[in-house]
Engineer: 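A single structure is presented below for examination.
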Amino acid sequence: MRVVIVDDEPAARRTLREYCAAEPDLQVIGEYADGRLALDAIRAARPDLLFLDIQIDTVNGIELARELHALGTPLVVFVTAYDQYAVEAFELSAADYLLKPFDQERFSRSVARIRRRQQADSAIEQHTALDKLLRHLEGTAERARILAESGSRMRMLAVSEVELVAADRNYVKLTLGREVYHARSTLQQAEKALQSQPLLRISRSCLINVNHVREVSRTPRGDYIFVLAGGTTVTSSEGQREAVREYLGRLRVGTS
C-alpha cells in the first residue's frame, strides 16, 4: 500500500515512517507537516493509505479528510494525542484511530485491521463508513474537554466554554464566566488544545475565544478593549494592534 503521512510534529512523522518501514507492504511516498500542501499532493498521488493527525496547526485534520472525502479518499488512520476524540470512534469506519503515544505493536494491529477491511469492503462501503466517522469526530470535537484545577479541585472543562486563556509562569489561566482555573501548560500548548475554537491572540500572553466576545471598544491610543460574556474585560497590546484590527475587519458585515 502506498502511504502518505500528515503530522505537524517531526518526531511523530519519524515514528510513523519507521513503523511503516517495518511493514513489508507499506511504502511511504510522502510526508507533510502542512495540511494544505498534503491535500494537493494526495490529490495528485492518490495513495492507498493516509496517516492523518487530527490536530494540525495549518488546517484541522477533520477538515482535510472532509475535502478528500468529496474526491474519493484513501483509507484514513486518524492519529492524535488528544483522547477527547473517543478512541472507539474507529469502530464506526474502515479507518482506524491511533492515540499517541503508540508502539510498533499497536501500529501493526492497526495496519492488519486496515488490510482486512481493504479486502472486505467495497469502495462505496469505505466511502460511507468514513463519512460516518467524520460526522462522529466533528460532533466529538464540539464536546472536547480539557482537565484543569482550581485550588484542590480538578474539573473537566468544555473547550467551547473557555472565554480567556492567559499565560501565568508555568501555567495558563482559563477563564469561564466568573471562574478561573489553572492548567500546567504553555500558552502554545493551550492554543493547540483549544484550536477547535476561534481564538484571537490579543497580546503575547493572552488569547480570547471570539465566540464569547460581547463588546469591543477602543482606547485613546487605539488598542482594543474586549468585554467577554462572563464580564471579564481585557485590552489588546500595542504589538498585536494591527493583527487584531485585521481580524475584526474580517468580521464586519459587508466585507469579504
Side-chain angles (χ1 to χ4, degrees), residues 1-83 85-138 140-141 195:
M1 286 184 283
R2 298 162 68 247
V3 176
V4 166
I5 297 168
V6 184
D7 195 308
D8 59 4
E9 297 178 359
R13 295 197 304 275
R14 181 174 63 252
T15 296
L16 285 167
R17 183 172 64 251
E18 292 173 352
Y19 287 175
C20 284
E23 302 291 334
D25 60 340
L26 297 187
Q27 176 191 5
V28 177
I29 61 172
E31 57 179 82
Y32 303 90
D34 185 286
R36 289 299 170 190
L37 292 178
L39 180 60
D40 292 339
I42 293 166
R43 284 169 170 163
R46 296 285 182 172
D48 304 301
L49 179 60
L50 174 64
F51 289 99
L52 176 61
D53 186 11
I54 291 180
Q55 306 281 47
I56 310 174
D57 286 342
T58 53
V59 61
N60 184 280
I62 297 173
E63 295 174 2
L64 191 152
R66 176 64 71 189
E67 292 194 43
L68 290 172
H69 182 52
L71 303 173
T73 185
L75 288 172
V76 177
V77 175
F78 287 104
V79 184
T80 185
Y82 300 95
D83 59 3
Y85 289 103
V87 177
E88 70 272 13
F90 75 83
E91 296 178 351
L92 300 175
S93 173
D96 202 351
Y97 187 102
L98 290 173
L99 181 64
K100 300 175 184 177
F102 52 88
D103 56 17
Q104 179 76 61
E105 181 181 359
R106 173 65 183 92
F107 179 86
S108 294
R109 290 202 306 270
S110 176
V111 173
R113 182 179 292 112
I114 291 298
R115 291 190 190 105
R116 291 194 299 270
R117 295 188 180 187
Q118 187 183 41
Q119 295 171 357
D121 296 344
S122 69
I124 293 177
E125 289 170 333
Q126 292 173 7
H127 194 73
T128 301
L130 180 59
D131 184 63
K132 188 176 182 181
L133 175 60
L134 288 171
R135 290 198 304 271
H136 176 87
L137 290 177
E138 286 167 342
T140 305
Q195 70 175 9

Engineer: Is any side-chain heavy atom of Arg13 closer than 4.5 Å to one of Pro10?
Structural biologist: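 Yes - at least one pair of side-chain heavy atoms lies under 4.5 Å apart.
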
Engineer: Do Arg115 and Met1 touch side chain to side chain, with heavy atoms closer than 4.5 Å?
Structural biologist: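 A side-chain contact under 4.5 Å exists here.
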
Engineer: So which heavy atom on Arg17 is nearest to which on Ile5, and how close?
Structural biologist: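 For Arg17 versus Ile5, the nearest heavy atoms are N-CD1, 3.7 Å.
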
Engineer: Could you report the tightest heavy-atom contact between Asp8 and Ala33, atom names first, then the distance?
Structural biologist: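 Asp8 and Ala33 have their closest heavy atoms at CB-O, 3.6 Å.
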
Engineer: Working to the nearest 0.5 Å, report the span between OH of Tyr19 and OG of Ser110.
Structural biologist: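 Going from OH on Tyr19 over to OG on Ser110, the span is 12.5 Å.
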
Engineer: Could you tell me the separation between the OH atom of Tyr32 and the CG atom of Asp7, rounded to the nearest 0.5 Å?
Structural biologist: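 The OH atom of Tyr32 sits 14.5 Å away from the CG atom of Asp7.
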
Engineer: Once salt bridge (charged side-chain N to carboxylate O under 4.0 Å, His left out) is applied, do any residues pair with Arg2, and if so which ones, sequence neighbours excluded?
Structural biologist: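 Per chain and number, Arg2 pairs via salt bridge (charged side-chain N to carboxylate O under 4.0 Å, His left out) with no residue.
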
Engineer: Given side chains that start at C-beta, do those of Arg14 and Leu16 come closer than 4.5 Å, heavy atoms only?
Structural biologist: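 They are not in contact (no side-chain heavy atoms under 4.5 Å apart), so the answer is no.
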
Engineer: Are Asp40 and Arg43 close enough for a salt bridge, meaning some N to O gap below 4.0 Å?
Structural biologist: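 Yes, Asp40 and Arg43 are salt-bridged.
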
Engineer: Below 4.5 Å, heavy atoms only, C-beta onward: do Ile42 and Leu50 meet side chain to side chain?
Structural biologist: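 Sidechains of Leu50 and Ile42: in contact.
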
Engineer: Determine whether Leu52 and Val79 satisfy the following criterion, side chain to side chain contact (heavy atoms under 4.5 Å, CB included), listing intermediate values before the conclusion.
Structural biologist: CA-CA 6 Å; Leu52 176 61; Val79 184; over 6 Å; no

Engineer: Do Val6 and Asp53 have side-chain heavy atoms sitting under 4.5 Å apart?
Structural biologist: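 No, side chains not in contact.
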
Engineer: Looking at OG1 of Thr15 and CZ of Phe51, how far apart are the two atoms once the value is rounded to the nearest 0.5 Å?
Structural biologist: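 It is 12.0 Å, given to the nearest 0.5 Å.
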
Engineer: After noting the C-alpha distance and the side-chain angles of Leu26 and Val111, does the key distance pass the side chain to side chain contact (heavy atoms under 4.5 Å, CB included) rule?
Structural biologist: CA-CA 9 Å; Leu26 297 187; Val111 173; 3.9 Å; yes

Engineer: Taking all non-hydrogen atoms of both residues into account, name the closest pair between Ile29 and Ala45 and its distance.
Structural biologist: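 So the minimum-distance heavy-atom pair works out to CD1-CB, 3.9 Å.
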
Engineer: Once you round to the nearest 0.5 Å, how far does CZ of Arg106 lie from CG of Leu98?
Structural biologist: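 Taking CZ in Arg106 and CG in Leu98, the distance rounds to 5.0 Å.
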
Engineer: In Å, rounded to the nearest 0.5 Å, how long is the span from CG of Leu49 to CG of Asp25?
Structural biologist: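 Reported value, rounded in 0.5 Å steps: 9.5 Å.
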
